[in-house]
Amino acid sequence: MALIPLILTLQLGSVSGVVTDRGRPVSDAVVWLVGDGSAAPIKATIDQKNKKFTPHVLVVPAGSTIDFPNKDDFFHNVFADYNAKKFDLGMYPKGQTKTVTFDKPGLVSILCNMHSEMSAFVMVVKSRHYTMTDKNGRYTLSNVKPGSYSLEAWHESGKVAKIATDIKGGDTTVSVALARK
């Protein structure tokens, strides 16, 4: 008698919800799952144009590289002095691009010592599932394996959230209220 292999199908799920602060939806909050492994590193860009970093907030998996092209007609100096990443790219003119690898999870505040009004934030995560909220505070993390996770959120206001959640096959809704640490 031949044995027929038993194939178990694992139904992936999704997590979605709204991130709020004092009951109001928050845009550009970073949301990610902890305990789901790591995503492959990516290559991203933060432009320097009109004395602004664009995007202002970016989330990347650990090991990712970010290009910092200068698109202004004057010099910029990009630097960070945070535990997750410390660097100083020095002054460089329009048309030049410098690159940094972000290998340690955590928050990195990006600044320009030539223009104090310039700032950006990079959240480096060790996660396969991460995103940012839209203008209505909504987020969705898709194709999540069933299991127990910690859902974390961060906003540049300094407010955070950490919620234990169980993901089953299908859709899970998790509302997130930010608070001070």
Side-chain angles (χ1 to χ4, degrees), residues 12 14-17 19 26-72 76-92 94-113 115 118-135 137-145 147 149-163 165 167 174 176 178 181:
L12 300 177
S14 68
V15 184
S16 61
V19 176
V26 177
S27 64
D28 295 329
V30 178
V31 180
W32 70 99
L33 289 178
V34 175
D36 68 337
S38 297
I42 63 170
K43 182 130 177 126
T45 300
I46 295 179
D47 290 320
Q48 300 164 83
K49 180 78 174 158
N50 299 321
K51 290 186 183 177
K52 291 182 181 178
F53 288 116
T54 305
H56 179 65
V57 178
L58 180 66
V59 57
V60 297
S64 296
T65 57
I66 299 177
D67 288 338
F68 292 92
N70 183 352
K71 297 183 176 180
D72 276 327
H76 284 295
N77 171 282
V78 180
F79 74 96
D81 190 16
Y82 265 56
N83 290 335
K85 188 68 177 181
K86 296 179 182 189
F87 63 90
D88 186 337
L89 299 181
M91 291 178 35
Y92 59 102
K94 180 178 184 172
Q96 284 191 7
T97 298
K98 298 209 176 177
T99 303
V100 176
T101 300
F102 292 78
D103 46 9
K104 183 179 174 185
L107 177 64
V108 181
S109 179
I110 309 292
L111 300 166
C112 173
N113 72 4
H115 306 100
M118 292 179 67
S119 68
F121 297 95
V122 176
M123 180 59 78
V124 184
V125 297
K126 183 178 177 183
S127 178
R128 288 191 174 130
H129 298 91
Y130 58 90
T131 191
M132 291 181 54
T133 58
D134 66 15
K135 66 181 181 177
R138 292 185 303 237
Y139 73 92
T140 299
L141 301 169
S142 301
N143 300 316
V144 180
K145 290 180 183 177
Y149 301 97
S150 175
L151 180 103
E152 297 195 15
W154 169 89
H155 186 260
E156 72 174 286
S157 65
K159 294 185 177 180
V160 297
K162 190 179 214 178
I163 301 168
T165 186
I167 309 299
V174 179
V176 179
L178 297 173
K181 275 186 174 180

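Note that these values count all heavy atoms, side chains included, but never hydrogens, waters or copies made by symmetry. Residue numbers count from 1 along this sequence.
- Residue P105 comes nearest to A84 through the heavy atom pair O-CB, 3.9 Å, listed as atom of the first residue, atom of the second, then distance.
- Among all heavy-atom pairs drawn from A80 and K85, the shortest one is CB-O, 3.8 Å.
- Sorted by first and then second residue, the salt bridge (charged side-chain N to carboxylate O under 4.0 Å, His left out) pairs with a member in residues 44-54 read D47-K71; sequence neighbours excluded.
- Every residue meeting the side chain to side chain donor-acceptor pair (under 3.5 Å) condition with T99, not counting sequence neighbours, appears here in chain and number order: D67.
- Looking at S119 and H56, their side chains come closer than 4.5 Å, going by heavy atoms from C-beta outward.
- Side-chain contact between P61 and I42 is present, with heavy atoms from C-beta onward closer than 4.5 Å.
- Inter-residue side-chain proximity for V78 and F53 is flagged as met; some heavy-atom pair is nearer than 4.5 Å.
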Requested in this report: Could you walk me through whether V31 and E152 pass the side chain to side chain contact (heavy atoms under 4.5 Å, CB included) test, one step at a time?
Outcome: CA-CA 6 Å; V31 180; E152 297 195 15; over 6 Å; no
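- Applying the 6.0 Å contact sphere to NZ of K98 captures more than 12 heavy atoms from other residues, nucleotides or ligands.
- Between Y130 and A39, the closest heavy-atom pair is CE2-CB, 4.1 Å.
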Requested in this report: Show your working on side chain to side chain contact (heavy atoms under 4.5 Å, CB included) between D28 and E156 and close with a plain yes or no.
Outcome: CA-CA 8 Å; D28 295 329; E156 72 174 286; 5.7 Å; no
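- Of the candidates T133, L151, V160, L151 is the only one forming a side chain to side chain contact (heavy atoms under 4.5 Å, CB included) with V176.
- Nearest approach of C112 to F79, heavy atoms of both residues: C-CE2, 3.8 Å.
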Report task. Starting from the C-alpha separation in whole Å, work towards a yes-or-no answer on side chain to side chain contact (heavy atoms under 4.5 Å, CB included) for Y149 and V15. Result -> CA-CA 11 Å; Y149 301 97; V15 184; over 6 Å; no
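- Side-chain contact between P55 and I46 is present, with heavy atoms from C-beta onward closer than 4.5 Å.
- Summarising the geometry of A62 relative to P41, their closest heavy-atom pair is O-CG, 3.9 Å, with the distance given to 0.1 Å.
- Inter-residue side-chain proximity for L178 and V19 is flagged as met; some heavy-atom pair is nearer than 4.5 Å.
- Under the 4.5 Å side-chain criterion, counting only non-hydrogen atoms from C-beta, W32 is in contact with M123.
- Separation of atoms NE2 (H129) and OH (Y139) is listed at 13.0 Å; rounding is to 0.5 Å.
- Using a 4.5 Å cut-off on side-chain heavy atoms (C-beta onward), F87 and T101 make no contact.
- Using cut-offs of 30° and 60° for the angle between ring planes, the H76 and H115 rings count as perpendicular.
- One finds the NZ atom of K126 at 12.5 Å from the CG atom of D103 (value rounded to the nearest 0.5 Å).
- Atom CG of D81 sits about 9.5 Å away from atom CG of D88, to the nearest 0.5 Å.
- The distance from the CG atom of L33 to the OG1 atom of T165 is 8.0 Å, given to the nearest 0.5 Å.
- Counting heavy-atom neighbours within 6.0 Å of K43 NZ, excluding the residue itself, gives a total above 12.
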Report task. Go through the steps to decide whether V57 and V30 satisfy the test side chain to side chain contact (heavy atoms under 4.5 Å, CB included), and finish with yes or no. Result -> CA-CA 8 Å; V57 178; V30 178; 3.9 Å; yes
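- Tested against I110 for a side chain to side chain contact (heavy atoms under 4.5 Å, CB included), the candidates L58, I66, V100, V122 yield a single pass: V122.
- Closest of all the heavy-atom pairs between S150 and K162 is OG-CG, 3.3 Å.
- Taking CE of M91 as the start and CG of N113 as the end, the distance is 8.0 Å to the nearest 0.5 Å.
- Q48 CD to D72 CG: the interatomic distance, rounded to the nearest 0.5 Å, is 7.5 Å.
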